[in-house]
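Index from 1, following the sequence.
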Amino acid sequence: MKFCSFVIAALLTGPTALGQNLPLVPPPHESAVVANKTMPVPQVITVSVPSDSSWKGHLEIFGEAIQRMTKGQHRLAFSDTGDAALVVNRHSDLADEAYSLVTNIDQIQIATSSLRGLAHATATLLQLVGAYDTGELPQLSINDSPTLSYRNFMVDMGRNPHSVELLKETIDLLWFYKVDSMQLHLTDDQRFAFPSTAFPKLWDGLITVEQFKNLEAYAVARGVTIIPELEVPGHSEKLRGIYPEVFGKTGTDLVKSDTALEGLQTLLDEIVEVFPSSPYIHIGGDEAFGVPEDLQRDLINKLNAYLKTKGKQTLVWEGPRPGNGDNKVDTDVIHINWRTINYPADQMLEDGYQVINATWDPLYLVDHFPRTNYTMTSPQHIYETLSITRFKHMNPWIRTYNEPIEVEPSERLIGFCMPWWEGREKNYFAQVVPRLIPFAEVAWNHDIERDFDEFSPRTQKTETARMAAFYPVTIKAANLVVPEDGVFHNETDISLHADGDVEIRYTLDGSNPRITSTLYSHPLSLAKSVTVRATAFVDGKQMGHGSRANFTAVAPTDNLALGKPVETSASSGPPFSIGRITDGGTDNLDFYLGYPAIPDPITMTIDLGTVQSVSSITVVAYTVSGSYEKYTVEVSADGKTFDEVGSRLEKPKQPTPSVDHPFPARDIRYVRVISHGNLGHVFDAFSKIVEVQVR
């Protein structure tokens with residue numbers, strides 16, 4: 001009764017108010033803190049846990065993270081006594097992902113019914129221990145569970161390779177922020193990342209069956225589900241190009257052939273064997289151009305029927321239109337709505353389907369293949385606009401851009417999917433992590449009151465805790481001009497640090513450091529853009545994950561705007577921060593990524609610091625395949641009254657990235673660029689100003 005009575009007493013104090021939240025992401029549904037009361041965390045945290053090997057295994061993993069986080073000051077030890085410092089209880093009446101966490105004067109108590117609930121509780125503890133970093137925890141009580149059962153992050157492995165180490169880091173990231181699953185888009189036209197033994201010529205030769213099985217075990221132990229995807233009938237050129245005798249030469253051949261169906265069932269058998277813990281198997285279903293829709297629906301139903309014999313639920317992307325009668329997709333097939341064009345979300349719900357929201361705006365993260373562009377919204381935009389009932393596109397020429405579909409709340413809206421499409425490992429963490437964190441918070445409780453100014457410093461605390469728990473090596477660079485984006489002028493010194501008697505091995509070519517990699521001994525002077533990776537080793541054994549950081553070298557041209565502060569009406573976020581437009585870089589992809597610029601334009605205002613004589617402003621903008629930035633340039637002496645001094649409002653015959661706007665010399669302090677978007681390539685609603693130079 002000790003546990004239950006404390007929970008009730010603590011909850012009577014009421015939940016913490018917004019702005020006074022615990023340093024947790026996502027914040028719990030119910031929490032209460034006993035004022036001015038703390039619990040000293042013992043050096044040896046004795047643990048009592050039910051006799052479940054998976055629970056004990058998870059707590060061992062948690063203990064390793066605690067030991068790294070606290071630099072060895074605290075460690076876990078299992079105990080059979082009733083007075084353990086950490087007591088884990090199984091409460092079968094709690095929902096699958098629910099947990100309770102209580103800290104009192106001398107004990108931490110966790111109650112849950114499942115390994116996933118236990119993983120959520122330990123993630124909360126990791127964040128608390130790391131955020132307070134005092135050897136003490138507040139006395140508190142937490143009752144928590146997600147409002148949505150499906151909170152998924154997807155990795156596209158069918159365009160570019162992603163290493164096992166990256167996937168393990170992602171699993172720990174998802175555990176830490178309570179994202180329940182990771183979808184692996186294993187196959188596409190460019191690559192086939194799954195190591196089929198039945199069709200060995202498909203495999204890209206990188207991750208083996210044993211490595212995938214190890215990855216599956218790694219995820220299960222951390223309460224994360226891996227959901228595999230075999231993409232058919234669209235995006236199946238690898239299948240058809242390499243084994244046309246089995247899968248046919250066209251998508252229509254594939255959906256009509258019994259031989260192809262048998263081949264797909266064989267591949268699904270292999271996938272189920274490697275990823276047995278997933279209740280779901282994703283079979284693609286989108287963009288099957290030229291394949292009759294009735295045949296697409298037939299294939300989905302055939303594969304769904306087969307997967308049900310394996311005890312699996314079928315996931316598909318929004319693909320063919322709904323169909324009728326016997327040619328309607330089975331209503332137990334779960335649809336991920338991403339375009340809400342050919343099969344709008346409201347119609348999916350009316351037709352009786354469970355729906356996952358993967359709406360382009362704000363969930364799509366696209367590092368376009370090949371390296372030509374980026375499409376993703378800012379962390380702030382994600383945090384403030386993500387809604388389970390809203391479906392919106394990023395393309396202003398698609399109806400749902402200006403008229404998003406808003407549906408009624410429904411139990412059939414089971415969650416979210418945030419997809420990382422086409423990207424490269426080099427860009428992955430810099431682009432994904434800042435955006436996944438707000439996604440994780442809203443996906444856990446989409447009705448949460450949102451205040452980005454409160455959320456942002458809270459994430460700084462949790463990220464400090466996460467880095468301490470999983471990344472023993474700290475990478476720091478001197479004299480960064482855009483710190484959040486890793487930009488420096490001409491040269492920088494990189495320092496690597498890890499506590500304790502460890503060796504730090506590093507690489508500068510983006511490869512994973514090994515025990516044979518260069519030994520770090522002193523700061524590194526760098527004069528070019530580089531990806532630094534650094535790993536700690538003790539007695540030849542790797543400790544935690546290797547750290548990564550991208551640094552961008554810029555040889556700036558001197559001008560009055562260089563390094564000056566900029567304010568914008570549209571948030572961006574790393575590695576596309578607004579500071580990029582005065583950092584001196586003019587590389588075509590070194591842009592500020594502002595969204596949305598339609599229907600209302602984005603303003604970017606540079607403060608030169610003092611009133612100065614100016615006679616020319618150069619705007620450098622992203623340009624490829626005939627695209628151009630549509631903008632006007634205005635100037636002001638007082639920041640209140642602005643006059644236009646230049647513009648590019650029509651598409652030039654030959655768009656160029658750099659445009660000079662000369663005018664009679666005048667005294668100004670502020671330069672304002674008003675952008676209507678980068679037009680003519682991918683989505684026009686994104687502004688992509690690279691640099692503004694003032695002379």
Side-chain angles (χ1 to χ4, degrees), residues 360-362 364-368 372-382 384-385 392-398 401-402 431 434-435 482 484-485 487 561 564-583 585-606 617-635 642 644-652 655-659 661 670-694:
W360 267 88
D361 179 350
Y364 260 48
L365 313 181
V366 189
D367 172 9
H368 290 275
T372 56
N373 196 8
Y374 304 102
T375 298
M376 57 193 70
T377 66
S378 72
Q380 183 171 351
H381 183 82
I382 293 167
E384 293 178 343
T385 68
K392 184 180 187 298
H393 210 284
M394 290 178 179
N395 188 340
W397 312 121
I398 289 176
Y401 179 90
N402 294 303
Q431 296 178 11
R435 292 162 178 82
V482 187
E484 59 270 35
D485 291 10
V487 178
K564 294 300 190 294
V566 191
E567 292 186 354
T568 177
S569 62
S571 60
S572 50
F576 313 106
S577 302
I578 186 60
R580 298 302 287 270
I581 76 169
T582 59
D583 70 354
T586 56
D587 182 275
N588 198 41
L589 292 175
D590 289 342
F591 49 64
Y592 153 77
L593 189 62
Y595 175 88
I598 298 173
D600 298 322
I602 296 171
T603 62
M604 292 154 269
T605 306
I606 302 168
I617 295 173
T618 300
V619 177
V620 184
Y622 172 85
T623 301
V624 68
S625 302
S627 69
Y628 75 102
E629 190 88 10
K630 179 180 178 180
Y631 63 85
T632 59
V633 181
E634 299 178 342
V635 297
F642 283 83
E644 181 178 324
V645 294
S647 68
R648 185 166 67 168
L649 298 176
E650 302 294 334
K651 182 177 181 178
T656 57
S658 181
V659 180
H661 299 284
Y670 300 93
V671 174
R672 184 163 70 188
V673 178
I674 302 175
S675 172
H676 300 267
N678 190 273
L679 309 186
H681 184 65
V682 190
F683 301 137
D684 294 354
F686 284 88
S687 173
K688 306 186 190 82
I689 299 289
V690 172
E691 190 75 6
V692 178
Q693 299 172 339
V694 179

Close side-chain approach of Thr377 to Met394, heavy-atom, < 4.5 Å
yes
Please name all residues satisfying ring-ring contact (aromatic ring centres under 6.0 Å, His included) with Tyr631, sequence neighbours left out, ordered by chain then number.
His661
So which atom in Val620 and which in Ser658 form the shortest heavy-atom distance, rounded to 0.1 Å?
CG2-OG, 3.9 Å
Under the side chain to side chain contact (heavy atoms under 4.5 Å, CB included) criterion, do Phe576 and Lys688 qualify, and how do the steps go?
CA-CA 9 Å; Phe576 313 106; Lys688 306 186 190 82; over 6 Å; no
Give the ring-plane orientation class for Trp360 versus Phe683, where under 30° counts as parallel, over 60° as perpendicular and anything between as tilted.
perpendicular
Could you check whether any side-chain N or O of Asp485 sits under 3.5 Å from a backbone N or O of Val487, counting only pairs where one atom can act as donor and the other as acceptor?
no
Close side-chain approach of Val645 and Ile617, heavy atoms under 4.5 Å:
yes
Mind checking what makes side-chain hydrogen bond (donor to acceptor under 3.5 Å, both in side chains) contact with Thr568, not counting sequence neighbours?
Tyr592
Backbone N/O of Lys564 and side chain of Thr582: donor-acceptor pair under 3.5 Å
yes
side-chain hydrogen bond (donor to acceptor under 3.5 Å, both in side chains) against Thr375, all qualifying residues, sequence neighbours excluded
His368
Does the Ser569 side chain pair with the main chain of Thr603, one donor and one acceptor, at a distance under 3.5 Å?
yes
Looking at every non-hydrogen atom in both residues, tell me the closest pair between Ala561 and Ile606 and how far apart they are.
CB-CG2, 4.3 Å
Value rounded to 0.5 Å, distance of CD1 in Ile598 from OG in Ser687
10.5 Å
Phe642 vs Val635 side-chain heavy atoms within contact, under 4.5 Å
no
Where the side chain of Asn678 meets the backbone of Ala685, is there a donor-acceptor pair that is under 3.5 Å apart?
no
Per the salt bridge (charged side-chain N to carboxylate O under 4.0 Å, His left out) rule, what does the pair list look like for residues 586-599, sequence neighbours excluded?
Arg580-Asp590
dist Leu593:CG -> Tyr622:OH (nearest 0.5 Å) comes out at 10.5 Å
If the condition is ring-ring contact (aromatic ring centres under 6.0 Å, His included), which residues does Phe686 pass it with, not counting sequence neighbours?
Tyr595
Distance-only polar pair, side chains of Ser675 and Glu629, donor-acceptor under 3.5 Å:
yes
Residues which pass side-chain contact (heavy atoms from CB on, under 4.5 Å) with Ala597, listed by chain and number, not counting sequence neighbours
Ile602
Tell me every residue that passes side-chain contact (heavy atoms from CB on, under 4.5 Å) with Pro599, counting only those two or more places apart in sequence or in another chain.
none
Does the pair Trp397 and Asp684 meet the rule for a side chain to side chain contact (heavy atoms under 4.5 Å, CB included), with working shown?
CA-CA 9 Å; Trp397 312 121; Asp684 294 354; 2.8 Å; yes
Residues at least two apart in sequence or cross-chain that pass ring-ring contact (aromatic ring centres under 6.0 Å, His included) with His676, listed by chain then number, are none
Pairing residues for Lys630 by the salt bridge (charged side-chain N to carboxylate O under 4.0 Å, His left out) criterion, not counting sequence neighbours
none
Do Val690 and Ile581 come close enough that some side-chain heavy atom pair is under 4.5 Å?
no
Short question: side chain of Arg435, backbone of Ile382 - any donor-acceptor pair under 3.5 Å?
no
When every non-hydrogen atom of Ile674 is compared with those of Pro601, the smallest separation belongs to CG2-CB, 3.6 Å
Do Gln431 and Leu365 have side chains that approach each other closer than 4.5 Å (heavy atoms only, starting at C-beta)?
no
Sequence neighbours excluded, which residues qualify as side-chain contact (heavy atoms from CB on, under 4.5 Å) partners of Pro434?
Pro379, Pro574
Determine yes or no for a side-chain-to-main-chain donor-acceptor pair under 3.5 angstrom, with Tyr374 supplying the side chain and Leu589 the backbone.
no
Which residues pass the side-chain contact (heavy atoms from CB on, under 4.5 Å) test with Gln380, not counting sequence neighbours?
Ser378, Glu384, Phe452, Ser571
Exceeds 12 heavy-atom contacts within 6.0 angstrom, atom CD of Glu567
no
How far apart are the closest heavy atoms of Glu691 and Gly585, and which atoms are they?
OE1-O, 3.2 Å
Give the C-alpha distance, both sets of side-chain angles, the deciding distance and a yes or no for side chain to side chain contact (heavy atoms under 4.5 Å, CB included) between Lys392 and Tyr401.
CA-CA 5 Å; Lys392 184 180 187 298; Tyr401 179 90; 3.3 Å; yes
Quick check: do Val619 and Ile689 have side-chain heavy atoms less than 4.5 Å from each other?
yes
By salt bridge (charged side-chain N to carboxylate O under 4.0 Å, His left out) - contacts of Glu634 (at least two apart):
Arg672
If we only count heavy atoms from C-beta on, is the Leu679 to Lys651 side-chain gap below 4.5 Å?
no
Do the side chains of Val659 and Thr618 get nearer than 4.5 Å, heavy atoms only?
no
Would you name the heavy atoms of Pro655 and Gly626 that are closest together and state the gap between them?
CG-O, 3.5 Å
